[in-house]
Each structure stands twice: as C-alpha cells, then as structure tokens.
Amino acid sequence: MIVAMQEFATEEQIDFVIEKMVEAGINVHRTTGTTQTILAGVGATSAIDIEEYKLLSGVLYVHRISSPYKLAGRAFRPEGTIVTFRNGVTVGGDKVAIMAGPCSIENRDQIFLTAKQVAASGATFLRGGAFKPRSSPYAFQGLGIPGLELMREACDAHGLLCISEVMEISQIEPMLPFVDCFQVGARNMQNFNLLRELGKVRKPVLLKRGIAATIEELLLASEYILAGGNYDVILCERGIRTYETYTRNTMDISAIPVVKKLSHLPIIGDPSHGTGRRDMVAAMARASVAAGADGIIVEVHPNPDKAVSDAAQTLFPDQFAQLVNELRVIAPAVGRTL
Ligand code: PEP
Ligand code: MN
C-alpha cells in the first residue's frame with residue numbers, strides 16, 4: 001500500500017501513520033521527496049482497511065499497489081530516484097552519466113591508460129571487471145581484489161568513480177573499500193541471495209537485465225535490493241537473447257521508456273553487450289540516450305583487439321571520444337545535459 005502524506009504534514013503526523021502500519025505487522029519504507037513524504041507498506045497489507053488510513057491527519061491519499069513490485073514502482077517516488085555518489089556525481093538527474101572502461105581489468109598500465117583516456121573524453125565512471133562471469137571455465141576469470149586495487153588507484157588519479165561486478169556474497173565485503181558502485185551482471189540478475197545481501201549494503205548497485213528476463217522480472221529483482229533498504233539502484237538494459245544471431249544480443253531500446261513509465265529507478269543502456277559488435281555500439285548508445293536513458297556504460301580499451309575479454313565489442317578510445325561528442329548533441333535535444 002502507498003500512503004502519500006500532504007505537502008506540509010508534520011513529523012508527528014508521519015510518525016503516527018508509520019506506527020499504525022508497524023502495529024499492523026507491515027514493513028514501512030519511507031521516502032521524502034522535495035515536497036512530499038510517501039510511505040510504502042509491504043507485507044501483509046491485504047487485511048488492512050485502507051479507508052482507516054485515509055482519515056488520519058496529514059494523509060493526502062492511500063491506495064493499494066496492484067503491481068507485483070511495490071518499492072520499484074513509480075508510485076513510491078513519483079519524481080524519480082536520483083542516485084548521488086560521494087563526489088556529487090548523479091545518475092537519474094538531468095545529466096546523462098557516462099561509464100566506460102575495459103571489460104576486464106588486465107594490468108596496471110592498461111587500467112591507468114584507459115582511465116586517463118575515458119576521463120579526458122568525459123566519462124565520470126570507470127568500469128572494469130575483476131570477477132568475470134565467463135562462459136568457459138578456461139577463459140580469463142579476472143584479477144580479483146588485486147585488480148580492484150589497481151582500478152581504485154586509477155580512478156583516484158583521474159577523478160573517476162569505480163564500478164565493478166560482484167558475483168557472489170563473499171565478494172561484497174572485500175570489494176567495499178574499492179568500488180563506488182556494485183554491478184550485478186546479467187547472469188546473476190536472479191541470484192536472489194546476492195540481491196538480498198546487496199540490499200543491506202549502503203552503496204549503489206547497478207542491476208543488469210538478465211539474458212532472458214522480462215522487464216517485470218528485472219523490476220522484481222530490483223525489489224529484493226530495495227526491500228533491504230538500499231534504494232540506490234540503477235537498472236541497465238544490456239540486450240536480451242532473441243532468435244536474431246547477427247548481433248550478440250538484441251538491444252531492447254523499448255525497455256528504457258517502459259522502465260521510465262513503470263519505475264522511479266534510473267536506467268542506463270549497455271550497447272556493448274547489447275550488440276557485441278564494435279561497429280554497432282555508437283548507434284545503440286545514441287539510441288539509448290535519445291530514448292531517455294539516464295546514462296550509458298560502454299567497453300573501451302587502449303588496444304581493443306588485444307583485450308582479453310569482449311574484444312569484438314570494445315571501442316577504440318577515439319571512437320569513444322567521438323561518441324561522447326555525439327551524445328553532447330543528442331542529450332539537449334531530449335531535455336538532458338552531458
Ligand atoms: C560485463 O559488464 O562485462 C558483463 C559481463 O556484462 P553482462 O553481465 O551484461 O553480460
Ligand atoms: Mn564485457
């Protein structure tokens with residue numbers, strides 16, 4: 001259930017409503033926007049008589065949430081979620097976020113050079129995997145924590161935020177000192193135990209759409225994180241598997257406006273995994289921003305053909321620089337900045 005408080009509701013009025021919900025055995029999630037507090041009640045709400053709540057002082061309206069996702073739905077935060085990082089960079093606000101870097105962290109020179117190049121072109125996040133989900137157990141599996149140490153240094157040297165994939169619960173704690181944002185990969189979108197643990201963390205999470213997940217399943221997956229009280233979730237469309245084989249995946253651009261309509265969470269586009277082809281990445285990145293994405297995440301490497309993973313979809317630094325310049329033209333056309 002959603003209880004929306006009036007614009008000038010007092011703390012006493014808000015607390016009174018919260019207490020009544022808690023006494024009824026409901027978990028209450030509170031969000032305060034610029035003018036209004038909204039209380040979302042999850043759990044055993046079917047036995048509740050919502051008419052009683054409508055009469056409480058300070059209450060504007062009360063309704064039941066009909067969608068299966070309760071906290072991810074737009075009603076919880078009608079104005080949209082803006083995730084703010086420690087250096088003031090935001091995802092979900094006016095500015096389109098640019099995340100770029102190699103598929104995998106390979107060595108010190110590679111990650112430092114990539115950081116320098118993508119920062120110079122306008123990226124605010126450095127991406128790079130240290131724990132890699134590879135289809136083959138014989139393929140490079142990532143450098144682990146020593147890789148993250150290198151990436152953290154490279155980020156700090158170039159004023160970038162650090163985003164990297166977490167594959168299992170035991171990696172959360174050791175990763176905490178190094179990353180600004182956890183990435184949950186497509187293969188783990190429905191690793192519900194991992195999602196629950198990330199709900200307890202107070203650090204943003206980028207949740208990628210599963211390889212064969214519906215939009216509703218993506219939103220329900222995000223609900224696991226939100227239900228733990230971690231509201232800093234960013235969604236990512238990274239292509240889904242269809243019968244088309246020309247591209248690695250089918251980049252579902254339509255998921256971007258659908259998510260914007262259904263949810264308050266920011267959503268970014270990953271045209272690298274979405275296409276699997278270097279020559280298609282820029283077009284799908286431009287399309288993502290034009291469709292209303294809050295950012296893009298793209299794979300860039302100083303020497304893409306030598307990249308140890310995802311070489312075919314990795315951009316040359318100058319291709320990335322050109323793409324960012326194109327996005328600087330597109331963003332204002334759709335009411336955003338870059
Ligand atoms: C990645 O970002 O390198 C990655 C493995 O992505 P995904 O989980 O979308 O396949
Ligand atoms: Mn990759």
Side-chain angles (χ1 to χ4, degrees), residues 97-106 110-111 114 118 123 125-137 139-144 147-148 151 161-168 171 175 179-191 194-195 198 204-213 215 217-218 221-222 225 233-242 247-253 255-256 259 267-278 280-281 284-285 288 293 295-316 320:
I98 308 289
M99 307 180 182
C103 180
S104 304
I105 307 160
E106 296 169 14
Q110 173 244 19
I111 199 68
T114 313
V118 301
F125 290 79
L126 182 65
R127 62 144 289 148
F131 298 105
K132 297 301 302 176
R134 303 306 302 280
S135 299
S136 164
F140 178 64
Q141 305 285 307
L143 294 181
L148 287 178
M151 179 145 110
L161 292 160
C162 171
I163 175 165
S164 196
E165 178 165 355
V166 58
M167 284 177 61
E168 54 170 273
Q171 292 161 355
M175 284 178 73
V179 299
D180 297 297
C181 187
F182 287 102
Q183 173 178 324
V184 175
R187 290 154 195 82
N188 265 319
M189 188 202 83
Q190 289 188 313
N191 181 340
L194 176 64
L195 300 177
L198 289 168
V205 177
L206 178 77
L207 177 63
K208 295 183 115 186
R209 183 177 180 182
I211 286 168
I215 295 169
E217 285 165 339
L218 172 64
S222 76
I225 306 170
V233 178
I234 302 164
L235 303 175
C236 179
E237 166 56 42
R238 49 76 74 206
I240 48 174
R241 193 162 280 182
T242 68
T247 47
R248 180 181 180 186
N249 290 294
T250 297
M251 182 78 183
D252 182 9
I253 297 291
I256 294 164
V259 165
I267 178 161
I268 67 169
D270 174 351
S272 304
H273 296 85
T275 64
R277 296 178 52 119
R278 192 178 296 152
M280 304 288 160
V281 168
M284 288 297 102
S288 298
I296 53 156
I297 183 164
V298 286
E299 289 181 338
V300 181
H301 191 289
N303 190 355
D305 290 325
K306 290 272 161 62
V308 300
S309 57
D310 286 349
Q313 66 193 34
T314 297
L315 295 184
F316 286 88
F320 173 68

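Note that ligands are numbered from 1 as they come in the structure, with each ligand's atoms numbered from 1 the same way.
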Heavy-atom contact under 4.0 Å between Cys103 and ligand 1?
yes

Nearest heavy atoms of Pro271 and Ile297, plus distance in Å
CD-O, 3.4 Å

Heteroatom proximity flag, Asp270 to ligand 1, N/O under 3.5 Å
no

Counting non-hydrogen protein atoms only, what is the nearest one to atom 2 (O) of ligand 1? Give residue, atom name and distance.
Arg127 NH1, 2.7 Å

Taking Thr114 for its side chain and Pro102 for its backbone only, find out whether a donor-acceptor pair lies under 3.5 Å.
no

Only one of Val233, Val184, Asp270, Ile268 passes side-chain contact (heavy atoms from CB on, under 4.5 Å) with Leu206; say which it is.
Ile268

Atoms of type N, O or S from the protein that sit nearer than 2.8 Å to the Mn ion (ligand 2) number exactly 4

Any side-chain heavy atom of Arg187 within less than 4.5 Å of one from Met167?
no

Provide the number and element of each atom of ligand 1 under 4.0 Å from a heavy atom of Arg238.
7 (P), 9 (O), 10 (O)

Separation between CD1 (Ile211) and CG (Asn249), nearest 0.5 Å, reads 6.5 Å

In terms of atom number and element, which parts of ligand 1 are under 4.0 angstrom from non-hydrogen atoms of Arg187?
7 (P), 8 (O), 10 (O)

Specify the protein heavy atom at minimum distance from atom 6 (O) of ligand 1: its residue, its atom name, and the distance to 0.1 Å.
Lys208 NZ, 2.9 Å

Protein heavy-atom partner closest to atom 4 (C) of ligand 1 - residue, atom, separation in Å:
His273 NE2, 3.4 Å

Crowded around Arg134 CZ? As in, over 12 foreign heavy atoms under 6.0 Å?
yes

N/O to N/O below 3.5 Å, does that happen between Glu165 and ligand 1?
no

Considering only non-hydrogen protein atoms, determine which one is nearest to atom 8 (O) of ligand 1 and report residue, atom name and distance to 0.1 Å.
Ala186 N, 2.7 Å

Kindly confirm or rule out an N or O of Lys132 lying under 3.5 angstrom from an N or O of ligand 1.
yes

Whether Arg238 side chain and Gly269 backbone form a donor-acceptor pair below 3.5 Å
no

Side chains of Ile256 and Ser288: closer than 4.5 Å at any heavy-atom pair?
yes

Can you measure from CZ (Phe140) to CD (Glu106) and round to the nearest 0.5 angstrom?
6.5 Å

Do any N or O atoms from the side chain of Gln141 and from the backbone of Leu143 form a donor-acceptor pair under 3.5 angstrom?
no

Closest heavy-atom pair, Arg278 versus Pro304, reported as atoms and distance to 0.1 Å, is NH2-CB, 3.6 Å

Report yes if Gly185 has an N/O atom closer than 3.5 Å to an N/O atom of ligand 1; otherwise report no.
no

